Structures are given as structure tokens and as C-alpha cells.
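Accompanying notes for the structure given below.
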Amino acid sequence: MCELLGMSANVPTDICFSFSGLIRRGGVTGPHTDGWGVTFYEGKGSRSFLEPKAGAYSEIARLVQEYPIKSKTVIAHIRKANSGAVNLENTHPFTRELWGENWTFAHNGRLRGIKKKKLKFYKPIGTTDSEHAFCWILDSVRRRFDQKPSAKALIALIRKLLDELNELGVSNVLLSDGTRLYAYCSTRLSWITRRAPFGKAALIDKNWQIDFQKETSSKDVVTVIATKPLTKNEYWELVPPGELKVFLAGQLI
């Protein structure tokens, strides 16, 4: 299946280190060769890089690894196709507008019968079960709330919708409105929060070690979410199956 990567931070932070580990799994240390994508939030705007090819051999992916784009919220994905052709429109993450905000979604798994769910406001551009699920989530939220509700009400509804998706099969999800990062585990998802005192970290998939003490300030808080741990000398927590974690400015809320 596919693999996910997300980041939530309290200050604009680059994801070069973690992304470099993930992208190696797109053709070198892993079989996820059917596409890759990453979305960076910058205020209310977002920028995305997508390609329907193996990320490990992509010049654009190399640019993302070497150019430090600063963001507080990032979602990335490497694809092993099980639904929909290998093309650009089926490449994650997917983005849509809701309440004047860019919402982004990436999915790992397979959802039986998802396309039987009717859509009103949002339509898929591609043919994946994942994009249909994203459109259904936003459709359901928009039907329930004409305008943005309280955080508590919104989180409760999103949790309910993601539980419903999980009943259709495997549904590991990263979802964001640019402020909060929602991470839902169906089968496998892990996370780590880095804060002072920062230490060194070494990637599993690439010969790269970094000393975060030299790259951060004492006030920085950065959480990274990944399908499987990306470093070999740090403790990653596992998200229990069927559980939703919500992060704001790097903190679990």
C-alpha cells in the first residue's frame, strides 16, 4: 500500500530531512513507484508538487529534498496503486476549497463501496476511491455546517466520518485545513514530537544524520507523522487502530 507523511509545527519548518527518507521508499527501499506528492501550507495559501512516477528518481522530488520550503503544515504521499490508473489526476495529496480554506487529503488503503456514496458539492477529478472519499468527507461537512463551526464540533464530525470510512476497509488518512492536521489510523500510523532539548536523528532509508539542536530554537515544537518510522535512533509512538490524532502548531490536542 501507499505511505503517508505529515508535519505540524509551531514555526515555519522545512521537511527536507523526513521527506528525503520517505521518497527513498518510492523505488529504492520500497515499492511505492506509482506516484508521489507533497503539499505545503503558507498562510491561507498552499503549494503542491505531484508526479505520477517513482519519487526516488524524480528531479522534482530532488528539488523538494534540497530546497528548504518553510511551512507549519505539510502532507506528503508515495503511491502504490490499487485503485485507479497511474496518472496525475490520481496522484495524492488532493486539495479542495471549503469555507475559503484549502483542505488537503492523502489516503493509504482501499475502500469497498465508497463510490456508492452520493456527492453534491464536490466531484472527483480522477478515479481513485481515495479522492471520492475526500469529496464525500467535505460534502458531509458542508451539508452539516454552512459556515465553519467550533473546533470541538468540527473534530467530532470528522472523527465520525473517518470511523465510517474505516468500516469500508483500510483507511489511514492525513487531512488538513492548513491549521490543524488530522491523522487517522486504520492499520498503521506512527508519530514523533520533537522539542527542546533537541538531539540527533538518523534516517532509516538514507545515510543522513542531522543534529536538530543546530537547526532549531528552544521554543520550536515539530511533530512528524508517518506510516512507518523514518529514523532509527528515536522513539516513535504508534497510533492505535481506529483512533484519530489532531495536531495544532506541533502539539497533540
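For clarity, every value in this text was computed on a predicted model and none was experimentally measured.
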Is it true that a side-chain atom of N10 and a backbone atom of K219 form a donor plus acceptor pair closer than 3.5 Å?
yes
Backbone of D177 reached by a side-chain donor or acceptor of T179 within 3.5 Å:
no
Value for OG (S48) from OH (Y41), rounded to nearest 0.5 Å, stands at 8.0 Å
Looking at F40, is R47 sitting on its ring face, NZ or CZ under 6.0 Å from the six-membered ring centre and within 45 degrees of the normal?
no
Quick check on the 6.0 Å ring-centre criterion: do F134 and Y122 meet it?
no
Quick check against the 3.5 Å criterion: does E97 have a side-chain atom that pairs as donor or acceptor with the backbone of G100?
yes
Answer yes or no: are there more than 12 heavy-atom neighbours, outside R180 itself, under 6.0 Å from its atom CZ?
yes
Euclidean distance, D220 CG relative to T13 OG1, rounded to 0.5 Å
6.0 Å
R24 side chain to T29 backbone, donor-acceptor under 3.5 Å
no
More than 12 heavy atoms of other residues, nucleotides or ligands under 6.0 Å from NZ of K123: is that the case?
yes
Single-linkage hydrophobic cluster L138~I155, side-chain heavy atoms < 4.5 angstrom:
yes
From L157 atom CG to S140 atom OG, the distance as rounded to the nearest 0.5 Å:
7.0 Å
Quick check: is I60 connected to L5 through a chain of hydrophobic side chains (ILVMFWY, heavy atoms under 4.5 Å apart)?
yes
Is V224 reachable from V239 through a run of hydrophobic residues whose side-chain heavy atoms are each under 4.5 Å from the next?
no
Is it true that S171 and N166 share a donor-acceptor pair across their side chains at a distance under 3.5 Å?
no
Would you check if the side chain of N172 reaches a backbone N or O of T187 as a donor-acceptor pair within less than 3.5 Å?
yes
E237 side chain to W191 side chain, donor-acceptor N/O pair below 3.5 angstrom
no
When hydrophobic residues are tied together by side-chain contacts of less than 4.5 Å, even through go-betweens, does L98 share a cluster with L165?
yes
Distance-only, no hydrogens or angles: does the R79 side chain make a donor-acceptor pair with backbone N or O of A54 under 3.5 Å?
no
Salt bridge or not for K72 and E42, using N-O below 4.0 Å?
no
For K200, does the NZ atom sit with more than 12 other heavy atoms under 6.0 Å from it, leaving out its own atoms?
no
Roughly how far, to the nearest 0.5 Å, is CD1 of I69 from CD1 of I15?
10.5 Å
A side-chain contact here means heavy atoms from C-beta on lying under 4.5 Å apart; do D205 and V28 qualify?
no
Pairs under 3.5 angstrom only: tabulate donor-acceptor contacts from the side chains of residues 241-253 to other protein residues two or more places apart or in another chain.
unit_1 : atom_1 : unit_2 : atom_2 : d
E243   : OE2    : K245   : NZ     : 2.7
Q251   : OE1    : R195   : NH2    : 2.7

Results of side chain to side chain contact (heavy atoms under 4.5 Å, CB included) for P124 - residues two or more places apart only
L119, E131, H132, C135
Would you verify whether the NZ or CZ of K117 falls within 45 degrees of the ring axis of W136 while also being under 6.0 Å from that six-membered ring's centre?
yes
Can you measure from CZ (R144) to CD1 (I158) and round to the nearest 0.5 angstrom?
13.0 Å
Which heavy atom in S130 sits nearest to a heavy atom in F105, and how many Å separate them?
O-CE2, 3.3 Å
